[in-house]
**Q** 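Mind looking over this structure? Questions follow.
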Amino acid sequence: MATCSCTCFFVPVSLNPPNPNPNFRKNPHSRIAKFTCSSTTTQSQLAKQDLLSLIADQDRGLKTQKDPTKRSSIIEAIDALAVLGRDTVTTTADSLSATWRLLWTTEKEQLFIIEKAYLFGTQTGDVLQVIDVDKRVLNNVITFPPDGVFFVRSDIEIASSQRVNFRFTSAVLRAKNWEIPLPPFGQGWFESVYIDHEIRVVKDIRGDYLVVNRAPYSWKE
């Protein structure tokens, strides 16, 4: 489970002139070629904007579930960013500790809750991943405005320059006047393959993908 959503902070800005060829995205070599004549920083920004433009209308991943071609294009864009960021350290406290908000994911359980919350008389608000590297804690959070929240607490361990191991320790379903504790249910790892002052791009142990941005607030229990 991961994590974070308002895509309004990421209105896609085209940094390249529009390509008249409608099949342009379907050629993986074309995507790589357009990054070859610029600095690494410029390449990363181009790849980032390409990814954000692809996920902008995907409703946090709900629409992508029914569009395998779009899913492939998004994963291709993630892989392009991962290549550019392969030598960077993304697990320091300065870079990783934050309240991260979901923009897009392939995680089926999370997408199910987002889509089906109405069955319980509510709707899903922000979906968050709250990380504190120094305290070695991670909270995966799904909000149900105005007062509901489901969150899973985890212990974390920095395993490498990009990988973090986690172990769920407890879970809570909370409303305004009540709280139900739930048992922990798993462990694994995730890799932040790209990170900057705005977004983070993640792959995890199950082969799922996650794109999050830095929320404009800090979530607290």
**Q** Determine whether L210 and V201 make a side-chain contact, defined as any pair of heavy atoms from C-beta on separated by less than 4.5 Å.
**A**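 No. Closest side-chain heavy atoms not under 4.5 Å.
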**Q** Only one of V164, L138, T90 clears side-chain contact (heavy atoms from CB on, under 4.5 Å) with L96; which?
**A** V164
**Q** Under 6.0 Å from the six-membered ring centre of W104 and within 45° of its axis: does the NZ or CZ of R60 meet both?
**A**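 No.
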**Q** Taking all non-hydrogen atoms of both residues, which atom of T91 and which atom of S161 are closest, and how far apart?
**A** OG1-O, 3.1 Å
**Q** Using side-chain contact (heavy atoms from CB on, under 4.5 Å), reason through E109 and I114 one step at a time and then give a plain yes or no.
**A** CA-CA 9 Å; E109 296 88 349; I114 293 171; over 6 Å; no
**Q** Are there more than 12 heavy atoms of other residues, nucleotides or ligands under 6.0 Å from atom CZ of R153?
**A** yes
**Q** Looking at Y217, I want to see if its OH is surrounded by more than 12 non-hydrogen atoms of other residues, nucleotides or ligands under 6.0 Å.
**A**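 Count over threshold, so yes.
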**Q** Between atom OG of S154 and atom CD of Q129, what is the distance when rounded to the nearest 0.5 Å?
**A** 8.5 Å
**Q** Out of curiosity, L128 CG to W100 CH2, how far, rounded to the nearest 0.5 Å?
**A** 12.0 Å
**Q** For a 4.5 angstrom cut-off between non-hydrogen side-chain atoms, does R200 reach I131?
**A**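 R200 vs I131: side chains touch.
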**Q** Indicate yes or no: does E191 engage R86 in a salt bridge with an N to O separation below 4.0 Å.
**A**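 The answer is no: the pair does not qualify as a salt bridge.
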**Q** Rounded to the nearest 0.5 Å, what separation is found between the OG atom of S192 and the CG atom of D204?
**A** 11.0 Å
**Q** Answer yes or no: is there a side-chain heavy-atom contact under 4.5 Å between E221 and F151?
**A** yes
**Q** Any donor-acceptor pair under 3.5 Å linking the side chain of T88 with the backbone of G85?
**A** yes
**Q** Show, in sequence, the C-alpha distance, side-chain angles and deciding distance for R71 and T64, and conclude whether the side chain to side chain donor-acceptor pair (under 3.5 Å) test is met.
**A** CA-CA 6 Å; R71 187 181 191 276; T64 318; over 6 Å; no
**Q** Does the side chain of N165 reach to within under 4.5 Å of the side chain of I156, using non-hydrogen atoms?
**A**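 A side-chain contact is absent here, since even the closest heavy-atom pair is not under 4.5 Å.
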**Q** OH/Y194 to CG/L51 distance, rounded to the nearest 0.5 angstrom?
**A**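 It comes to 10.0 Å.
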**Q** Testing the basics here: between S160 and I158, what is the closest heavy-atom pair and its distance to 0.1 Å?
**A**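 Nearest heavy atoms, S160 then I158: O-CG2, 3.5 Å.
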**Q** Hey, would you say the F168 and F166 ring centroids sit under 6.0 Å apart?
**A**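 That pair passes the under 6.0 Å test.
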**Q** For V133 and T92: C-alpha separation, side-chain torsions, deciding distance, then whether side-chain contact (heavy atoms from CB on, under 4.5 Å) applies.
**A** CA-CA 7 Å; V133 172; T92 64; over 6 Å; no
**Q** Please test T99 against R214 for side-chain contact (heavy atoms from CB on, under 4.5 Å), starting from the C-alpha separation and ending with a verdict.
**A** CA-CA 6 Å; T99 296; R214 294 182 187 270; over 6 Å; no
**Q** With side-chain contact (heavy atoms from CB on, under 4.5 Å) as the test, would you mind laying out the steps for T124 and I142 before giving the verdict?
**A** CA-CA 7 Å; T124 306; I142 301 178; 3.7 Å; yes
**Q** Check whether D59 reaches the backbone of G61 with its side chain - one donor and one acceptor, N or O, closer than 3.5 Å.
**A**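 No, the answer is negative, given that no donor and acceptor are paired below the 3.5 Å cut-off.
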**Q** Quick one, L81 and V193 - any side-chain contact, counting heavy atoms below 4.5 Å?
**A**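 When only atoms from C-beta onward are counted, V193 and L81 do not touch, as no gap falls below 4.5 Å.
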**Q** A side-chain contact here means heavy atoms from C-beta on lying under 4.5 Å apart; do L54 and L52 qualify?
**A**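 Not in contact.
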**Q** Which heavy atom of S95 sits nearest to which heavy atom of V89, and what is that distance?
**A**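 Closest approach of S95 to V89, heavy atoms only: OG-O, 4.5 Å.
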**Q** With rounding to the nearest 0.5 Å, note down the distance linking CZ in F190 to CZ in R163.
**A** 11.0 Å
**Q** Mind checking whether I55 and L103 have side chains closer than 4.5 Å, heavy atoms only?
**A** yes
**Q** Between D57 and K63 (salt bridge meaning N to carboxylate O under 4.0 Å), is one present in this structure?
**A**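 Looking at K63 together with D57, the answer is no, because their closest N to O distance does not fall below 4.0 Å.
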**Q** Taking T105 for the side chain and Y209 for the main chain, is one N or O donor matched with an acceptor at less than 3.5 Å?
**A**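 Yes; judged by distance alone, with no hydrogens or angles, the pair exists.
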**Q** To check you understand the geometry: which heavy-atom pair defines the closest contact between E198 and D196, and what is its length?
**A** N-OD1, 2.7 Å
**Q** Between V152 and N139, is there a side-chain heavy-atom distance shorter than 4.5 Å?
**A**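 No; the side chains remain at least 4.5 Å from each other.
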**Q** Dump the intermediate steps for side chain to side chain donor-acceptor pair (under 3.5 Å) on D155 and T169, then the final yes or no.
**A** CA-CA 7 Å; D155 292 334; T169 57; 4.8 Å; no
**Q** Without hydrogens or angle criteria, can the side chains of T143 and D126 be said to hold a donor-acceptor pair below 3.5 Å?
**A**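 No, because no side-chain N or O of T143 sits under 3.5 Å from a partner of the opposite role on D126.
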**Q** Rounded to the nearest 0.5 Å, how far apart are CD1 of I180 and CZ of R174?
**A**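 I180 atom CD1 to R174 atom CZ measures 12.0 Å (nearest 0.5 Å).
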**Q** Quick check on the hydrophobic clustering: are V202 and V137 connected, directly or via other members, by side-chain heavy-atom contacts under 4.5 Å?
**A** no
**Q** Is the backbone of Y118 close enough, under 3.5 Å, to the side chain of T122 for a donor and an acceptor to pair up by distance?
**A**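 Not at all, since once roles are kept as given, no pair shorter than 3.5 Å links the two residues.
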**Q** Salt-bridged, E107 to R206, with N to O below 4.0 Å?
**A** no
**Q** What is the minimum heavy-atom distance between W178 and L173, and which atoms define it?
**A**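 Residues W178 and L173, closest heavy atoms: CZ3-O, 3.6 Å.
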**Q** Indicate the atoms forming the closest heavy-atom contact of A82 with K203, along with that distance.
**A** CB-NZ, 4.3 Å
